[in-house]
Amino acid sequence: MIIEPVVKGVVARSAHPYGCQQAIRNQINYVSSAEPIVGGPKKVLVLGASSGFGLASRIALAFGGSNADTIGVSFERGPSEKGVGTAGWYNNIFFREEAEKQGLVGKNFVGDAFSTSMRQQVIDYIKVEFGGKLDLVVYSLATGVRPDPETGEMWRSSIKTIGESVTGPTINIETDTMEPMIIDTATEEEIEATKKVMGGEDWESWIDILSEAGVLADGCKTVAYSYIGPEATYPIYHKGTLGRAKTHLHATGDLLNDKLARIGGEAYVSVCKALVTKASVFIPAFSPYILALFKVMQDKGVHEGCIEQMQRLYSQRLYGPHQHVPVDEKRLIRIDDWELDDDVQRQVSQLMAQITPENFTTVGDYQRYKTDFMQLNGFWLDGVDYQERVNLEALKALTP
Ligand code: NAD
Ligand code: NA
């Protein structure tokens, strides 16, 4: 079969396996020649390893100078009668293949990271086959639902404002159009549920359980990812439901840092740059900001994707030249520093004011935005022959 891109709204309904493989190789090539991670970890667990920041973290840690063995946990779907499967499914497979070529472990667990059984499987594997200890745990899950561990009932996150509703344009990638959208205010229950899904509770639970199992090495670090952004986007992000959840995550970072002190360990939250990922395209009214940001950062030569961000995080902040991890007054790592640079933000506000549904494809960097989105799903990559027939049976034989 020939695999065509299928996009519904902002969701990709198909993925190209060999395009995903090419994207993995491109990221490996980037970190192989970038400033290396010196003094980095050797045994790493990545929760949310199959796409976005989690995948980029895994690639940076394995191929960017640290030569880490990695365990990746993710929720993905393989090929079936219904289709070819998700991009993350193939990212897992091709990451592992590349890691093994270098003599590194790239173990994949595919299933629900929130479940007790996943925690147990991972712990058993660490004890029996992974050398017994971790020296870094990366928490990079992004999802809309989390089951309550007590009742099994689902908490659902909402992307809403708190206080006043906001109207703002949103991009439809399927139709290449920009449409006005009203973002409603959240109820108390919605705020609470979003905190349950995207806050720090599950991160804390993972670290507690790993710690009780005795699989955290002395000096073990853990990191989770956050977003803050400029004041112009506060109503839709930082001061909305997602931001509330992130504030909880930041507090969890401090809590875990205290807990890990016992073994000489540390916990951090890294505030990252706004990027196109499977998760971020859902944030309403956010796309004009990303379009303007990409354009300005591109023009200034400071644009980064997930892989550039993660290589910089691990080589310049969490490991590398500094005696202590550099943080701001709230103890957050700021790898969003180039995004929030005064001159970048001044130019971004000017550009955002000019963006309209009629001109957004040319005034902002929509080309980059859409290309990033397509490439997340293995499409629009150079060096891939999209006319070549893909053998579904051969793909079914590939295992994570
Ligand atoms: P993503 O959608 O690309 O990746 C999410 C990962 O979580 C995938 O590997 C997915 O398989 C996994 N996952 C989801 N539900 C799961 C489950 N139940 N069990 C196991 N795995 C599951 O998302 P992303 O954008 O890379 O987000 C990662 C983190 O980075 C989030 O905390 C996000 O808020 C943060 N962040 C994102 C941006 C951005 O602009 N994209 C900016 C700053 C911070
Ligand atoms: Na991720």
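Atoms within each ligand, like the ligands themselves, are counted from 1 in listed order.
Note: an N/O pair closer than 3.5 Å links D112 and ligand 1 by distance alone. Remark: ligand 1 and L275 share an N or O pair separated by less than 3.5 Å (distance only, no angle test). For the pair S50 and ligand 1, the shortest N or O to N or O distance falls below 3.5 Å.
When the heavy-atom distances from atom 21 (N) of ligand 1 to Y227, F53, F75 are ranked, the shortest goes to F75. Comparing heavy-atom distances from atom 4 (O) of ligand 1 across G52, S51, A56 singles out S51 as nearest. By heavy-atom distance, the residue among L376, L47, L141 lying nearest atom 22 (C) of ligand 1 is L141. Remark: among candidates P147, A142, C306, the nearest residue to atom 27 (O) of ligand 1 is A142, based on non-hydrogen atoms.
For ligand 1, the atoms sitting less than 4.0 Å from at least one non-hydrogen atom of T143 are 14 (C), 15 (N), numbered in the order shown with element in parentheses. Against a heavy-atom cut-off of under 4.0 Å, E76 is close to the following atoms of ligand 1: 10 (C), 11 (O). Interface atoms of ligand 1 facing C272, defined by a heavy-atom separation under 4.0 Å, are 43 (C). Heavy-atom proximity to S280, at under 4.0 Å, picks out these atoms of ligand 1: 39 (C), 40 (O), 41 (N). Within ligand 1, counting atoms from 1 as listed, the ones closer than 4.0 Å to a heavy atom of F114 are 18 (N). Residue K273 approaches ligand 1 through these ligand atoms, each under 4.0 Å from one of its heavy atoms: 40 (O), 42 (C), 43 (C). Within the listing of ligand 1, atoms 31 (C), 32 (O), 33 (C), 34 (O) sit less than 4.0 angstrom from a heavy atom of K246. Within the listing of ligand 1, atoms 19 (N), 20 (C) sit less than 4.0 angstrom from a heavy atom of G111.
Counted by atom type alone, E204 and T252 present zero donor-acceptor pairs between their side chains at under 3.5 Å. For the residue pair D202 / Y139, a side-chain donor-acceptor distance below 3.5 Å is found, with atom types taken as modelled. A donor and an acceptor atom, one from each side chain of W203 and T222, are located under 3.5 Å apart. In this structure, a donor-acceptor pair under 3.5 Å is present between the side chains of Y227 and E339. Counting only N and O atoms by type, the side chains of H303 and K273 include a donor and acceptor under 3.5 Å apart.
A salt bridge links K259 with D208: at least one charged nitrogen is closer than 4.0 Å to a carboxylate oxygen. At a threshold of 4.0 Å, the pair K101-E97 does not count as salt-bridged, since none of the basic side-chain nitrogens sits closer than that to a carboxylate oxygen. Salt bridge status for R334 with D336: present, with a side-chain N to carboxylate O gap under 4.0 Å.
At a heavy-atom cutoff of 4.0 Å, ligand 1 is contacted by the backbone of A49 but not by its side chain. Contact annotation: for A224 versus ligand 1, there are no heavy atoms closer than 4.0 Å. Residue-level proximity to ligand 1 for M118 is absent, since no heavy atom of it falls below 4.0 angstrom.
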**OP:** Applying salt bridge (charged side-chain N to carboxylate O under 4.0 Å, His left out), run through R368 and D372 and close with a yes or a no.
**Re:** CA-CA 6 Å; R368 178 79 263 153; D372 283 359; 2.7 Å; yes
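In this structure, Y289 and F286 have tilted ring planes: the angle between them lies in the 30° to 60° band.
Assignment of S226 to the shell around ligand 1 is supported, since a heavy atom sits closer than 4.0 Å.
Hydrophobic clustering places V7 together with M178 (ILVMFWY residues linked when any side-chain heavy atoms are closer than 4.5 Å, directly or through intermediates). Cluster membership check: F109 shares its hydrophobic cluster with I123, using side-chain heavy-atom separations under 4.5 Å among Ile, Leu, Val, Met, Phe, Trp and Tyr.
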